[in-house]
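In what follows, every chain begins at residue 1, and chains take the letters A, B, ... in the order their sequences are listed. If you're wondering where the values come from, they're calculated on a predicted model, not measured in any experiment.
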Amino acid sequence: MSSAARDVLLGHATQVAPRLLGAVVESYLGGQRVAVRIVETEAYRQDDPASHTFRGPTSRNRVMFGPPGHAYVYFTYGMHHCLNVVCEPEGVGAAVLLRAGEVIEGAGTAQARRGPRVRTDALAAGPARLTQSLGIDRSHDGLDLFDAGSPLRLHLGPAVPDDGIAVGPRVGIRHAADKGWRFWLTGEPTVSRYTRHPGAPRLP
DNA sequence: ATGAGGATCCTCT
DNA sequence: GAGGATCCTCATA
């Protein structure tokens with residue numbers, strides 16, 4: 001990984017999350033090339049009741065405690081996978097969930113994976129939709145996103161100016177739903193639909 | 001060994 | 001806006 005990328009990823013998860021907006025995830029999984037430009041992210045870290053690492057290392061979350069720049073992929077709701085970029089120094093359990101993006105390469109492959117009726121804007125407009133378009137599952141947990149030989153890579157772009165970024169509460173969680181740890185690019189049609197968890201308190 | 005719940009999505013009303 | 005799909009992971013015992 002370049003020293004510039006390293007500097008970005010070593011930061012606090014809430015700094016890294018907005019910095020990943022506009023970055024491109026490139027997948028060669030399944031022998032097909034699909035690239036997605038990220039438009040929505042969420043920060044998760046160890047001192048955070050909503051994070052998988054809140055109760056310490058387990059076999060599932062161990063890569064979140066590893067070096068930054070690797071993929072943390074988890075399985076949820078009995079059928080969905082979600083992709084995170086591990087951040088902060090090794091030993092700290094922190095990552096950024098990639099919640100939504102725009103398919104910019106391999107739309108035909110993404111469409112085939114998602115189904116023929118899915119609208120173009122919706123191909124990767126959600127964390128599980130994004131992994132499905134990219135062909136990601138639990139077997140890809142731990143991949144180095146900054147290794148030139150990896151079938152799954154992350155390309156950082158320039159930082160987006162603050163006035164192009166919106167901030168709000170994270171989606172689908174019970175705990176710490178008041179924190180503004182979700183970030184998205186304003187005016188993007190591929191941002192996921194916001195569905196507040198039934199048990200979550202409202203923003204002040 | 002067991003049970004509850006989950007960083008979601010789709011379909012239908 | 002509600003409900004079901006579907007199974008892994010973790011906590012408790």
Test salt bridge (Lys or Arg N to Asp or Glu O under 4.0 Å) applied to [X] - qualifying residues, sequence neighbours left out:
{"X": "A:Asp144", "answer": "none"}
{"X": "A:Arg33", "answer": "A:Glu26, A:Glu105"}
{"X": "A:Glu42", "answer": "A:Arg99"}
{"X": "A:Arg37", "answer": "A:Glu102, A:Glu188"}

Residues that A:Thr131 engages under side chain to side chain donor-acceptor pair (under 3.5 Å), provided they are two or more places apart: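 Not a single residue meets the side chain to side chain donor-acceptor pair (under 3.5 Å) criterion with A:Thr131.
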Do A:Tyr74 side-chain and B:dA7 base share a donor-acceptor contact under 3.5 Å?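 Between B:dA7 and A:Tyr74, which were checked side chain against base, a qualifying N/O pair under 3.5 Å is present.
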Which part of the nucleic acid, if any, lies within reach of A:Ala50 when heavy atoms closer than 4.0 Å are counted: base, sugar-phosphate only, or nothing?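 Counting heavy atoms under 4.0 Å across all strands, the contact made by A:Ala50 includes a base.
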Qualifying salt bridge (charged side-chain N to carboxylate O under 4.0 Å, His left out) pairs, either residue in [range], two or more places apart:
{"range": "residues 75-88 of chain A", "result": "A:Arg45-A:Glu88"}
{"range": "residues 118-133 of chain A", "result": "A:Arg119-A:Asp121"}
{"range": "residues 13-23 of chain A", "result": "none"}

Out of B:dC9, B:dA7, C:dA5, whichever nucleotide has its closest atom nearest the side chain of A:Met79: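 Per side-chain heavy atoms of A:Met79, the pick is C:dA5.
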[X] has an atom [atom1]; how far is it from atom [atom2] of [N], in whole Å?
{"X": "A:His81", "N": "C:dT6", "atom1": "NE2", "atom2": "P", "value": "14 Å"}
{"X": "A:Leu130", "N": "B:dA7", "atom1": "CG", "atom2": "C1'", "value": "13 Å"}
{"X": "A:Gln132", "N": "B:dC9", "atom1": "CD", "atom2": "P", "value": "10 Å"}
{"X": "A:His80", "N": "C:dG4", "atom1": "NE2", "atom2": "C1'", "value": "11 Å"}
{"X": "A:Asp137", "N": "C:dT6", "atom1": "CG", "atom2": "P", "value": "18 Å"}
{"X": "A:Arg174", "N": "B:dG5", "atom1": "CZ", "atom2": "P", "value": "7 Å"}
{"X": "A:Phe54", "N": "B:dG6", "atom1": "CZ", "atom2": "P", "value": "15 Å"}

Encoded 5' to 3' (Watson-Crick or G-U under 3.5 Å; [ ] crossing; | other strand), DNA chain B becomes ||||||.|||||.
CG of A:Leu20 to CG of A:Leu9: how many Å apart, nearest 0.5 Å?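 With rounding to 0.5 Å, CG (A:Leu20) is 6.5 Å from CG (A:Leu9).
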Pairing residues for A:Ala43 by the side chain to side chain contact (heavy atoms under 4.5 Å, CB included) criterion, not counting sequence neighbours: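 A:Ala43 satisfies side chain to side chain contact (heavy atoms under 4.5 Å, CB included) with A:Ala13, A:Thr14, A:Ala17, A:Trp181 only.
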Nucleotide-resolved protein contact map, nucleotides 8-13 of chain C, B/S/- at heavy-atom distance under 4.0 Å: SSSS--
If you take any heavy atom closer than 4.0 Å to DNA chain B, which residues from residues 109-121 of chain A end up in contact?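 Only A:Arg114 qualify.
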Is A:Tyr77 stacked against the base of C:dA5, taking the criterion as centroid distance under 5.5 angstrom and interplanar angle under 30°?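 A stacking contact does not exist, since A:Tyr77 is not both close and nearly parallel to the base ring of C:dA5.
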More than 12 heavy atoms from other groups under 6.0 Å of CG on A:Asp162: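 Result for CG/A:Asp162: open.
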